[in-house]
Amino acid sequence: MNKDISERLKKLLGESIQKIFLSQSIDLNLMPPVILTTPRNPEHGHMSTNIALQLSGILQREPKQIASSITEEIIQRESEIINHIDIAGPGFINFYLNEQIFYHILKEIVLQREKFGCSDIGKGEKVMVEFVSVNPTGPLHIGHGKCAAVGDALTKILKAAGYQVTTEYYINDHGKQVNTLGESVLARYRHLLGEEVPFPENGYQGDYIFDLAREIIKEYHEQFKGKSDQSTIQFFKDYAYKKILQDIKNDLTNFGVEFDSWFSEQSLYDQNKVQPVIEQLKKKGYVYNHHGALWLKASYFGDEKDRVVIRENGEPTYLASDIAYHDDKFKRGFKILIDIWGADHHGYIQRMKAAIDAMGYDPESFQVLLVQFVTLIKEGKIVGMSTRGGEFIPLKELLQEVGKDVARYFFLMHSHDSHTEFDLDIAKSQSLENPVYYIQYAYARICSIIEKGKKEDILLDLNSDSQILFGLLDKEEELEIIKKLSNFKKVIERSAVYWKPYLVSSYLYDLASAFHKYYTNYQVIGKNRELSMARLYLISAIKIVLENALTLLGVCAPEKM
RNA sequence: GUGCCCGUGGCUUAAUUGGAUAAAGCGACGGCCUCCGGAGCCGUAGAUUGGAGGUUCAAGUCCUCUCGGGCACACCA
């Protein structure tokens, strides 16, 4: 519902309740916050509050009795926006608003266009969303695709809600994993040149390792034959991870995901940012020496056990880099850090929170969004996807099969917290089973109706609503649609506050559905010119909201399909 | 074994963060094209929300226990 109106109602309710409190001389601090909801059942009014139920314990009175006291008070103060008030069920107060309010909202949507739905609840707070951050040791698979879609949509939603958001990809270009990558490629290089050398333990098995080796042969020929020294490995490592990273970047671009910055783990060492942070923690007494290694007192901050930050051999662990990295994020001025991780990393959260706590930052300002796994269903069967075993579906392949829009929507249509079952056959079908088409079809239909209007010389000037007779939009379905449209801002806010991008997806589906129903029951362009104009105005507003919502998800709004 | 996440019609999921009669899609069955795009619309059947207690005006949602499933438990990243 429109924010001004719900604020106005909340204020009214607050004042009325205050008066009751004073008359019974009850401490005003006991007053709970007023919560207004937009009921899904139309019989429960346009807006509703449960405040009387909440107050019954405090005031020691029957909820219904309290509700009627509040209602009486409100009726005396406000008659402009409220049509009438009902007290229903155990003591809910249901408001029915004046229809003019809805027409006003409709105008607002059309006036604000692409800005409609935006709010300022984020108050410009600096947020960093770090996501994907896949090791540059292999290509992106569909699981990463889900993280990418969730992170990207969440970022857009947070921005719409008034946060100042920066996205970042953390590149693990330091440490054992990329070394193993270098060794794996080198081994394949030498195999291809006919040498018999052992393949590294836990080496990377995929075909792309051979591809990289072939590339190097093509470019450098037999230059590294017989070599296995540090600088050769270093060369293979750099060559391989840079190529793979480029490949990852390309995949993300094709998926519609762009990062504001790419942060190298190695740069933390090059700029000597790791040691000082560890030193600092040591001074605070949160890092101690044990058996030659340095340990973080993670258990003191709620983790299961203490964790090594500097190994016995003097090498920092991944955690050490990560501590320095997150310290750096805070030092760059970010107030909220959101990391999006695959669910398999959940055991790492407590340890990271402990580190942040130890550094003196509020552990609550660091939040991890866990994205559950994706299982791909092909011809009714589950296709496995473990990175370790080398059996995974590359994101690239999925994009070729179903396209960006379908892939993104499928990743975003359910809670990121629940497993995604990605049914390839449904995703590929351009049919009613596919929710993406259902939504896009609604948009295309609207465009087509507007085109028809133009042909029949019924042209709508969206910059001026003076010739629109809003009163003609009096059908129940029409008011229902306007109500839904007006909810959009709330949906974005909730989606931003609870970090649930899928709320936007289900909203979209619901709105598309309302339009399809309306379309079947009513003719937009008809004999009556005024009515046609008014309805065109309505569907133009739907078009705007559909487009705004699709944009948040990174899904296209096609005018023709 | 310990910790985290998840159990909702046959299947995939919702449920305004504790609210009113648990809502959609798929699948099944039955209807709707002289008409703006049928990639659509309408209807019927299908649920004791894994189970047992508890908290309160109110529990799918919170607490305890229990049973199933997933994941994690490195001086890997």
Side-chain angles (χ1 to χ4, degrees), chain A residues 35-41 43-44 48-50 52-54 56-57 62-63 88-92 94 133-135 137 172 174-178 180 202 265 290-295 303-305 307-313 315-319 321-322 342-350 370 372-373 377 413-415 417-421 423 426 429-438 440-442 444-453 455-456 487 490-491 494 497-498 500 502-503 506 509-510 513 515-526 532 535-536 539 560-561:
Chain A
I35 294 164
L36 269 178
T37 56
T38 58
R40 36 172 173 253
N41 187 339
E43 284 167 31
H44 298 151
S48 176
T49 181
N50 62 354
L53 293 157
Q54 301 214 336
S56 98
E62 284 288 309
F92 291 101
N94 297 334
S133 297
V134 174
N135 287 347
T137 52
N172 302 122
H174 176 94
K176 212 175 201 166
Q177 303 278 341
V178 275
T180 306
N202 297 319
E265 181 184 2
H290 179 68
H291 283 316
L294 288 183
W295 295 69
D303 195 10
E304 290 172 46
K305 48 186 168 186
R307 310 288 178 176
V308 171
V309 283
I310 308 285
R311 283 183 268 255
E312 220 172 325
N313 64 9
E315 277 289 314
T317 60
Y318 179 77
L319 179 62
S321 314
D322 232 359
D344 51 335
H345 289 83
H346 69 80
Y348 197 75
I349 297 177
Q350 264 319 311
L370 287 180
Q372 294 290 341
F373 289 115
I377 314 274
M413 69 181 176
H414 299 313
S415 168
D417 210 24
S418 67
H419 286 239
T420 299
E421 292 232 355
D423 193 320
I426 291 178
S429 71
Q430 304 199 353
S431 74
L432 61 152
E433 296 181 62
N434 192 327
V436 189
Y437 289 98
Y438 182 85
Q440 290 182 323
Y441 185 54
R445 256 184 169 172
I446 292 173
C447 293
S448 147
I449 297 170
I450 292 172
E451 273 308 304
K452 184 185 154 93
K455 279 185 198 139
E456 304 201 1
N487 273 336
K490 263 272 161 56
V491 170
R494 289 187 53 222
V497 168
Y498 299 114
K500 289 181 173 180
Y502 75 91
L503 294 177
S506 24
Y509 193 89
D510 189 46
S513 162
F515 167 73
H516 284 309
K517 276 171 201 162
Y518 178 61
Y519 171 90
T520 347
N521 292 327
Y522 299 94
Q523 190 86 12
V524 175
I525 310 280
S532 302
R535 287 182 174 171
L536 267 177
I539 64 165
K560 288 198 172 92
M561 295 173 66

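The chains referred to below are lettered A, B, ... by the order of the sequence lines, with proteins before strands, and numbering in each begins at 1.
The base of rU17(B) sits within donor-acceptor range of the side chain of Lys500(A), with an N or O pair under 3.5 Å. Side chain Ser48(A) to base rA20(B): a donor-acceptor pair is found below 3.5 Å. Between the side chain of Asn202(A) and the base of rA77(B) there is no donor-acceptor pair of N/O atoms closer than 3.5 Å.
Comparing rA39(B) with rC26(B), their P atoms are spaced 14 Å from each other, to the whole Å. With P as the reference atom, rG70(B) and rC75(B) are 26 Å apart, rounded to whole Å. Nucleotides rG69(B) and rC42(B), compared at atom P, are 40 Å apart to the nearest Å. Nucleotides rG38(B) and rC33(B), compared at atom C1', are 7 Å apart to the nearest Å. Nucleotides rC41(B) and rC5(B) are separated by 38 Å at their P atoms, to the nearest Å. A gap of 34 Å separates the C1' atoms of rA20(B) and rC4(B), to the nearest Å. Separation of the C1' atoms belonging to rU49(B) and rA59(B) is 11 Å when rounded to the nearest angstrom. A gap of 16 Å separates the C1' atoms of rA24(B) and rU16(B), to the nearest Å.
Helical stems of RNA chain B (runs of at least 3 Watson-Crick or G-U pairs, donor-acceptor distances under 3.5 Å) are listed by first residue: B:1-7 with B:67-73, B:10-13 with B:23-26, B:28-32 with B:40-44, B:50-54 with B:62-66.
We find the CG-OH distance between Asp417(A) and Tyr502(A) to be 8.5 Å, quoted to the nearest 0.5 Å. Atom OG1 of Thr520(A) is separated from atom CZ of Phe515(A) by 8.5 Å, given to the nearest 0.5 angstrom.
Heavy atoms of Glu265(A) sit under 4.0 angstrom from primed sugar atoms or phosphate atoms, though from no base atom. At the heavy-atom level, Arg40(A) lies under 4.0 Å from base atoms of the strands shown. Base engagement by Asn50(A) is indicated by at least one non-hydrogen atom pair under 4.0 Å involving a base atom. Contacts of Tyr519(A) with the nucleic acid, taken as non-hydrogen atoms under 4.0 Å apart, include base atoms. Within the nucleic acid shown, Asn94(A) comes within 4.0 Å of at least one base atom, counting heavy atoms only. Contacts of Ile349(A) with the nucleic acid, taken as non-hydrogen atoms under 4.0 Å apart, are absent.
Taking only side-chain atoms of Lys560(A), from C-beta outward, the nucleotide of rC71(B), rG37(B), rA77(B) with the closest atom is rG37(B). When distances are taken from the side chain of Tyr437(A) to each of rA39(B), rA20(B), rA77(B), the shortest belongs to rA39(B). Among the nucleotides rU21(B), rG40(B), rC73(B), the one closest to any side-chain atom of Glu43(A) is rU21(B).
In this structure, Thr38(A) and Lys490(A) have side chains that are not in contact, with every pair of non-hydrogen atoms separated by 4.5 Å or more.
In this pair, Tyr438(A) does not lay its aromatic ring on the base of rA39(B); centres under 5.5 Å and planes under 30 degrees do not both hold. Both geometric conditions, a ring-centre gap below 5.5 Å and a plane tilt below 30°, are not fulfilled together for His44(A) over the base of rG19(B).
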Annotated protein contacts, base or backbone, on nucleotides 3-13 of chain B with a non-hydrogen cut-off under 4.0 Å, one of B, S, - each: BBSS-----SS
